[in-house]
Peer 1: 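So that we are looking at the same thing, I have put the structure below in structure tokens.
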Amino acid sequence: MTTPTQFTPALTAATAPGNVADRAVKRQRVLDILDAAGRDSLLLTTNTALTWYLDGSRVHISLAGDPIAALLVDRSGDHLVTFNNEAGRIAAEELPDGVSLDTVPWHGQLHASAAGLAVDGNPLAEAAVATELRAARQQLLPAEAARYASLSADAAAAMTDVLTAATPETTEFQLVSELAARIVAVGAEPLVLLCNGASRSDFRHPLATHSLLGRRAMAVVCARRNGLVANVTRWVAFDAGTPRELDAEARIAAVEADIFRATVPGARLNEIFAEIKQSYARHGFGDDQWTLHHQGGPAGYAGRDPRVTADVTDTVVLNQPFTWNPSGPAVKIEDTVLLTDSGLRVLTTDHRWPTTEVDGRRRPLTLRP
């Protein structure tokens, strides 16, 4: 194992914009987890846990790769370890106040080196308290909620900009490339970009192709900024739509309304999942529709944290974000929302997008440029 070396940042280094008050709350939540486990240190290694605890610091290089940092939380403080070739940027742009920074060679053992900083060399592994950490992330703090709302509005605006300019001759690749450009331009990372034109409407996770959009298309964006992930789906059509399509759009919005009504403080996620299954049947989609695609769930520092199934028994809390995504044949609805003391607040909104009222809430229609 390589012994990590203390890194001294330049005097001109600027720290990440994480909120000091929020970080103090997060540290206490982790210390509570340590108290309950009877341990003195915890090693955080996943992107979800690191970006949450560091309050939005970027700890990745490749979007498809592992984090380039690990963090040991112990009774004495927070100790971030990164590779020597990453330390300069981390110190200058991503390191919150009060977090020490150590380095290992670029070819060193990151996790083992970070674990070695623990007094006993054997910190609690993140996987051992995955459920407890997920609970610690559930309730967004004030600065987090503000950042999430801003990102969500930017993602929704990108959808409006790109789909308003689309034509039947636009290709799927052209459309997602425009979406990617707008997401990156607002300082976010496009984690997921999906699109299906009329010829591929049967696919619910449609990676883009060179196919033309044709008369109707769906676009999906999952955008990450400051660690938080906003998710949104929108539809565009270049005709009035068939009666069958319009009926399906109204029915899937009714399914979503049932899910929204079930998303209340104190509800268990498996109970909401049971309601989802019943809602599909109630609105004419059949008993098996839920088996054909995941239904979404809590959101925040992961696209879904976690995806809801019959086995997930987490309890819903106030100030928790969600992205539900009910879908049927050639139809889907998806927005990022936050559960507040006045009910669910939709975050991925743009006043330019056409909407209709569903169960007292404005919900998106298909855009018809």
Side-chain angles (χ1 to χ4, degrees), residues 4 7 9 15-20 22-31 33-34 41-74 77-104 106 108-118 123-138 140-141 143-144 147-148 151 187-189 191 222-229 298-306 321:
F7 181 86
T15 57
N19 183 275
V20 174
D22 284 5
R23 285 209 64 248
V25 174
K26 294 177 182 183
R27 176 167 168 79
Q28 187 57 55
R29 290 178 183 176
V30 171
L31 291 177
I33 291 172
L34 289 176
S41 60
L42 170 66
L43 183 63
L44 301 179
T45 57
T46 68
N47 190 81
T48 298
L50 287 165
T51 55
W52 167 73
Y53 190 76
L54 295 171
D55 211 33
S57 298
R58 295 175 297 176
V59 291
H60 71 278
I61 295 299
S62 166
L63 291 178
D66 294 329
I68 46 80
L71 187 132
L72 183 81
V73 182
D74 65 14
D78 301 326
H79 316 280
L80 191 68
V81 180
T82 190
F83 297 110
N84 65 317
N85 59 316
E86 308 290 353
R89 183 188 67 83
I90 292 289
E93 300 175 345
E94 310 293 344
L95 189 69
D97 289 333
V99 179
S100 67
L101 183 62
D102 293 85
T103 69
V104 296
W106 62 264
Q109 298 300 311
L110 180 65
H111 294 176
S113 298
L117 294 176
L124 188 63
E126 181 183 325
V129 286
T131 300
E132 291 84 352
L133 284 169
R134 194 166 70 227
R137 293 191 296 269
Q138 281 183 295
L140 293 187
L141 296 163
E144 289 178 300
R147 292 197 299 269
Y148 208 13
L151 167 65
E189 298 134 11
L191 300 186
C222 301
R224 184 176 68 190
R225 188 169 68 203
N226 303 122
L228 292 158
V229 183
Y301 288 89
R304 303 296 188 275
D305 198 14

Peer 1: Which residues pass the side chain to side chain donor-acceptor pair (under 3.5 Å) test with D78, not counting sequence neighbours?
Peer 2: R23, R27, Y53
Peer 1: Could you pull out the closest heavy-atom pair between A299 and Y148, with the gap in Å?
Peer 2: CB-OH, 3.4 Å
Peer 1: Does a side-chain heavy-atom distance below 4.5 Å link T103 with F83?
Peer 2: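 A side-chain contact is absent here, since even the closest heavy-atom pair is not under 4.5 Å.
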Peer 1: Taking side chain as C-beta onward, heavy atoms only, is R89 less than 4.5 Å from E94?
Peer 2: yes
Peer 1: Only counting residues at least two apart or in another chain, list the ones meeting side chain to side chain donor-acceptor pair (under 3.5 Å) with S100.
Peer 2: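 Once residues adjacent in sequence are excluded, the partners of S100 under the side chain to side chain donor-acceptor pair (under 3.5 Å) criterion are H79.
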Peer 1: Does any non-hydrogen side-chain atom of T51 lie less than 4.5 Å from one of H60?
Peer 2: no
Peer 1: When you measure from the side chain of E126 to the backbone N and O of T46, does any donor-acceptor pair fall under 3.5 Å?
Peer 2: yes
Peer 1: So does L141 get a backbone contact from the side chain of E144, meaning a donor-acceptor N/O pair under 3.5 Å?
Peer 2: yes
Peer 1: Using the side chain to side chain contact (heavy atoms under 4.5 Å, CB included) definition, which of the options D74, V73, V129 pairs with V30?
Peer 2: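 So the option named by the test is V73.
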Peer 1: Backbone N or O of A143 within a donor-acceptor pair of the D22 side chain at under 3.5 Å?
Peer 2: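 It does hold such a pair.
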Peer 1: Holding to side chain to side chain donor-acceptor pair (under 3.5 Å), I want the full list of residues that pass it with R29, two or more places apart in sequence or in another chain.
Peer 2: none
Peer 1: Report yes if some heavy atom in the side chain of L151 is under 4.5 Å from a heavy atom in the side chain of N226; otherwise report no.
Peer 2: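 With C-beta onward as the side chain, the pair stays apart.
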